[in-house]
Amino acid sequence: MIEELELKSNLTEIKKKFEKIFENFSKLKIAVLGDVMLDSYLIGDTKRISPEAPVPVIEISKSYNKLGGAANTALNIKRLGNCKVKLFSIAGKDNEGKILKQLLENEKIEHFILEDESRPTTLKTRIIARGQQILRIDNEKTYPISDKLSDQILKEIKKEKFDIIVFSDYAKGFFTEKTSLAKEEGKTICDPKPQNVELFKGVYILLPNISEAYEIKKIIEGGKEETLFQLAMKIKEKLKIEKLVITQGEEGMTVFSGRNFHVKAFAKDVFDVTGAGDTVTAMFSLCEGIGLEDEKSAILSSIAASCKVSHLGTYAPEKHEIYKFLNNLLNSENF
């Protein structure tokens, strides 16, 4: 029912068509809708335990900010595809929102981000010492955005025609009954949070991870645990999904479309999985936008994710990294 995809011939064909694939990516126009956040990193060292409590004392040596959430998905699409990307979201009327917009402008990512004075810009602060994350501090409000803001988002997205519309859901309140209607404006690819999955009924591609997929099945039907194949068929049927991609971390990913197949993960060194789902969503969106076969879309997405997880924090790989990784795979002794 689920076949293991043959890799060498597909990798060889991807290499032959590599330049054309990425040239076609650059012609796309993609919208990204979802919950944006600012990822803040405090990097330092620890040499002693606090006398006040049994916790390490971190001496910060540097700090920086990165695009997070849906903004990271948009960045991945921009870096991988070198195409037009427009981000639609909500942020607070605060300094974090200003920083986030500046980062988007630095990356030449168009954006329509409305200010919601009732909430802060979602901020995730990670404290890193000796290469390890010691602590994460979240500052956010997650209640649904107002109908007024939802209407403004919908009105704006209707002004343009996009090849692909990406829903990047982090369950921070952006997706409501109204904003989810954007799926009627084009072919939609969705990285969901299970609690919102009913909003995404009828999207073209759904990309949950394995734990999310089992949770989604419980929400839409309940009942006992099932095989991955049975689970996938029920999700596709109940939610009227054309294609379902279930990512499985170090086990790779399984695609359920006209052909059901599994692609293994290629990463040998996993340093940080933060944002890997955004990278997979980005590559699948680009591939779907140019009509690439599902098999090659999955392989390129797995390669892109493998490039990402070798870096600390959210990271957006680029074309030259994909090509280098592809070459290394073809030259390895595994084939």
Side-chain angles (χ1 to χ4, degrees), residues 22 25-43 62-117 119-126 139-140 145 149-150 152-170 172-175 179 182 185 191 274-275 277-279 281-283 285-286 289 304 308 311-321:
F22 277 77
F25 285 169
S26 68
K27 300 173 184 176
L28 294 173
K29 186 177 178 182
I30 297 179
V32 178
L33 285 75
D35 305 287
V36 295
M37 57 193 73
L38 186 65
D39 285 349
S40 178
Y41 291 85
L42 301 176
I43 314 296
K62 64 177 179 177
S63 64
Y64 54 86
N65 297 305
K66 288 188 174 184
L67 296 168
N72 183 51
T73 301
L75 176 60
N76 272 265
I77 294 171
K78 185 69 176 180
R79 289 268 183 90
L80 287 166
N82 192 30
C83 60
K84 176 173 178 176
V85 183
K86 187 166 184 177
L87 176 64
F88 298 80
S89 192
I90 303 295
K93 191 175 183 179
D94 50 27
N95 190 54
E96 287 74 24
K98 292 177 182 178
I99 294 171
L100 188 142
K101 291 174 186 177
Q102 186 60 58
L103 289 173
L104 289 168
E105 289 166 12
N106 293 346
E107 296 291 342
K108 296 181 172 56
I109 296 172
E110 295 184 30
H111 54 85
F112 182 76
I113 298 180
L114 297 174
E115 291 183 348
D116 184 348
E117 296 185 18
R119 72 179 76 212
T121 300
T122 296
L123 174 66
K124 297 189 181 297
T125 303
R126 295 172 174 88
N139 182 33
E140 61 188 17
I145 67 173
L149 292 173
S150 297
Q152 288 179 263
I153 294 288
L154 279 177
K155 183 179 179 180
E156 187 68 20
I157 198 171
K158 288 175 183 288
K159 291 180 179 179
E160 302 181 63
K161 180 68 176 176
F162 295 96
D163 297 294
I164 295 289
I165 297 172
V166 179
F167 284 180
S168 181
D169 180 29
Y170 278 82
K172 306 303 181 188
F174 177 85
F175 285 106
T179 49
E185 300 302 314
D191 181 2
T274 305
D278 298 336
T279 303
T281 300
M283 183 60 91
S285 300
L286 290 163
K308 184 271 150 247
H311 293 82
L312 175 67
T314 50
Y315 178 80
E318 299 185 50
K319 172 185 172 181
H320 67 92
E321 295 174 79

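Predicted, not measured: the structure shown is a model, and the values here were computed from it. Quick note: residue numbers are just sequence positions, from 1.
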Problem - Listed partners of Asp116 passing salt bridge (Lys or Arg N to Asp or Glu O under 4.0 Å), at least two apart - result: Arg119
Handout entry: Partner set under salt bridge (Lys or Arg N to Asp or Glu O under 4.0 Å) for Lys98, not counting sequence neighbours
Key = none
Fill in the blank from the handout: Heavy atoms of Asp278 and Gly69 approach each other most closely as OD2-O, 3.6 Å
Practice task
Measure the spacing between OH of Tyr170 and CD of Glu140 and express it to the nearest 0.5 Å.
Solution key: 12.0 Å
Exercise for the section: Measure from the side-chain N and O atoms of Thr179 to the backbone N and O of Phe174, and report whether any donor-acceptor pair falls under 3.5 Å. Expected result: yes
Exercise for the section: Kindly compute the distance separating CG (Leu42) from CZ (Arg126), expressed to the nearest 0.5 Å. Expected result: 11.5 Å
Completion exercise
Note: Ala182 and Ile157 closest approach over all heavy atoms is CB-CD1, 4.2 Å
Practice task
Output the distance between atom CG (Asn95) and atom CD (Gln102), rounded to the nearest 0.5 Å.
Solution key: 11.5 Å
Exercise for the section: Calculate, to the nearest 0.5 Å, the distance between atoms CG and NZ belonging to Leu80 and Lys319 respectively. Expected result: 11.5 Å
Practice task
Please name all residues satisfying side chain to side chain donor-acceptor pair (under 3.5 Å) with Glu96, sequence neighbours left out, ordered by chain then number.
Solution key: none
Handout entry: Leu286 vs Cys83 side-chain heavy atoms within contact, under 4.5 Å
Key = yes
Practice task
Please step through side chain to side chain contact (heavy atoms under 4.5 Å, CB included) for the pair Lys86 and Phe162, ending with a clear verdict.
Solution key: CA-CA 9 Å; Lys86 187 166 184 177; Phe162 295 96; 4.1 Å; yes
Problem - Closest non-hydrogen atom pair, Ile90 against Val36 - result: O-CG2, 3.5 Å
Problem - Donor-acceptor contact below 3.5 Å, side chain Thr121 vs main chain Gly92 - result: yes
Handout entry: Atom pair CD1/CG of Ile99 and Leu67 - distance to nearest 0.5 Å
Key = 11.0 Å
Problem - Glu115 vs Lys101 side-chain heavy atoms within contact, under 4.5 Å - result: yes
Practice task
Return yes if some donor-acceptor pair links the side-chain N/O of Thr122 with the main-chain N/O of Met37 below 3.5 Å, else return no.
Solution key: no
Exercise for the section: Test Ser168 against every option in Asp191, Asp35, Thr73, Asn72 by the side chain to side chain donor-acceptor pair (under 3.5 Å) rule and name the one that passes. Expected result: Thr73
Problem - Gln152 side chain reached by Phe88 side chain, heavy atoms, under 4.5 Å - result: no
Problem - Spacing of Glu185 atom CD and Ile165 atom CD1 [to the nearest 0.5 Å] - result: 6.0 Å
Problem - For Lys78, all residues meeting salt bridge (Lys or Arg N to Asp or Glu O under 4.0 Å), sequence neighbours excluded - result: none
Problem - Glu318: partners by salt bridge (Lys or Arg N to Asp or Glu O under 4.0 Å), with sequence neighbours left out - result: none
Exercise for the section: Would you name the heavy atoms of Gly289 and Ile164 that are closest together and state the gap between them? Expected result: CA-CG1, 3.7 Å
Handout entry: Minimum-distance pair of heavy atoms, taken over all atoms of Ile43 and Tyr64
Key = CG1-CE2, 3.8 Å
Practice task
Look at Arg79 together with Glu321 and state whether they make a salt bridge at an N to O cut-off of under 4.0 Å.
Solution key: no
Handout entry: Side-chain donor or acceptor of Ser40 paired with backbone N/O of Asn65 under 3.5 Å
Key = no
Side-chain donor-acceptor contacts of residues 26-33 below 3.5 Å, not counting sequence neighbours, with atom names and distances?
{"unit_1": "Ser26", "atom_1": "OG", "unit_2": "Glu23", "atom_2": "O", "d": "2.5"}
{"unit_1": "Lys29", "atom_1": "NZ", "unit_2": "Glu160", "atom_2": "OE1", "d": "3.1"}

Exercise for the section: Find out whether Ile153 and Phe112 are in side-chain contact, i.e. whether some heavy atom of one side chain is under 4.5 Å from a heavy atom of the other. Expected result: yes
Practice task
Give the intermediate values and the outcome of side chain to side chain contact (heavy atoms under 4.5 Å, CB included) for residues Thr125 and Asn139.
Solution key: CA-CA 8 Å; Thr125 303; Asn139 182 33; over 6 Å; no
Practice task
State, to 0.1 Å, how close Leu104 and Ala71 come at their nearest heavy-atom pair, and which atoms those are.
Solution key: CD2-CB, 4.4 Å
Handout entry: Check: Lys66 and Leu103 side chains under 4.5 Å, non-hydrogen atoms
Key = no
